[in-house]
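Read through the structure below, which is laid out as structure tokens, and then see the notes.
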Amino acid sequence: MDYDRAQRILLMNDKVEVTWQGESVWIDSVDKYSGVATIHPENDPRVSKNVPITELQEHGTTPQRG
């Protein structure tokens with residue numbers, strides 16, 4: 001994934017399935033200059049990691065209800 005796509009996903013209302021090393025994650029922030037995203041596992045928001053944006057994989061969008 002690139003910075004622009006990661007930033008768009010971060011700002012979307014719809015849930016976009018994103019994985020890092022096969023694990024479903026949420027993107028918390030992205031830094032264009034360092035190329036790093038702060039993420040957390042979908043099932044545990046208490047655990048965050050900084051990973052290269054290029055290692056994130058997008059798998060699709062699910063419209064949010066509400």
Side-chain angles (χ1 to χ4, degrees):
M1 181 176 303
D2 65 20
Y3 166 82
D4 291 328
R5 183 61 185 148
Q7 183 67 27
R8 284 194 304 271
I9 289 170
L10 183 61
L11 298 174
M12 290 178 74
N13 290 328
D14 294 337
K15 179 189 182 303
V16 176
E17 185 179 348
V18 174
T19 59
W20 176 71
Q21 295 187 347
E23 178 181 21
S24 291
V25 298
W26 287 97
I27 301 172
D28 297 317
S29 65
V30 290
D31 185 310
K32 184 175 189 172
Y33 301 103
S34 67
V36 170
T38 301
I39 61 169
H40 70 267
E42 194 172 277
N43 61 355
D44 192 354
R46 298 169 296 160
V47 178
S48 65
K49 299 176 187 178
N50 293 323
V51 301
I53 295 169
T54 56
E55 292 184 8
L56 298 175
Q57 299 290 316
E58 178 180 357
H59 299 281
T61 303
T62 304
Q64 292 292 316
R65 297 181 188 253

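Please read all numbers here as calculations on a predicted model, not as lab measurements.
- A salt bridge does not link Glu58 to Arg8: none of the charged side-chain nitrogens sits closer than 4.0 Å to a carboxylate oxygen.
- Under the 4.5 Å side-chain heavy-atom criterion for grouping Ile, Leu, Val, Met, Phe, Trp and Tyr, Tyr3 is connected to Leu10 within one hydrophobic cluster.
- To the nearest 0.5 Å, atoms CD (Gln57) and CD (Glu23) are separated by 14.0 Å.
- For the pair Ala37 and Val30, the tightest heavy-atom approach, listed with the atom from each and the gap, is CB-CG1, 3.9 Å.
- To the nearest 0.5 angstrom, Glu17 atom CD is 14.0 Å from Asp14 atom CG.
- Using a 4.5 Å cut-off between side-chain heavy atoms of Ile, Leu, Val, Met, Phe, Trp and Tyr, with links allowed through other members, Trp20 and Val16 fall into the same hydrophobic cluster.
- Put simply, CG on Leu56 and CG on Asp2 are 10.5 Å apart, with the number rounded to the nearest 0.5 Å.
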*Show your reasoning for whether side-chain contact (heavy atoms from CB on, under 4.5 Å) applies to Gln21 and Lys49.*
CA-CA 12 Å; Gln21 295 187 347; Lys49 299 176 187 178; over 6 Å; no

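- Linking Ile, Leu, Val, Met, Phe, Trp and Tyr whenever their side-chain heavy atoms come within less than 4.5 Å puts Ile27 and Val51 in one cluster.
- Rounding to the nearest 0.5 Å gives a distance of 11.0 Å between OG1 of Thr19 and CD of Glu55.
- One finds the CD1 atom of Ile53 at 11.0 Å from the CD1 atom of Ile39 (value rounded to the nearest 0.5 Å).
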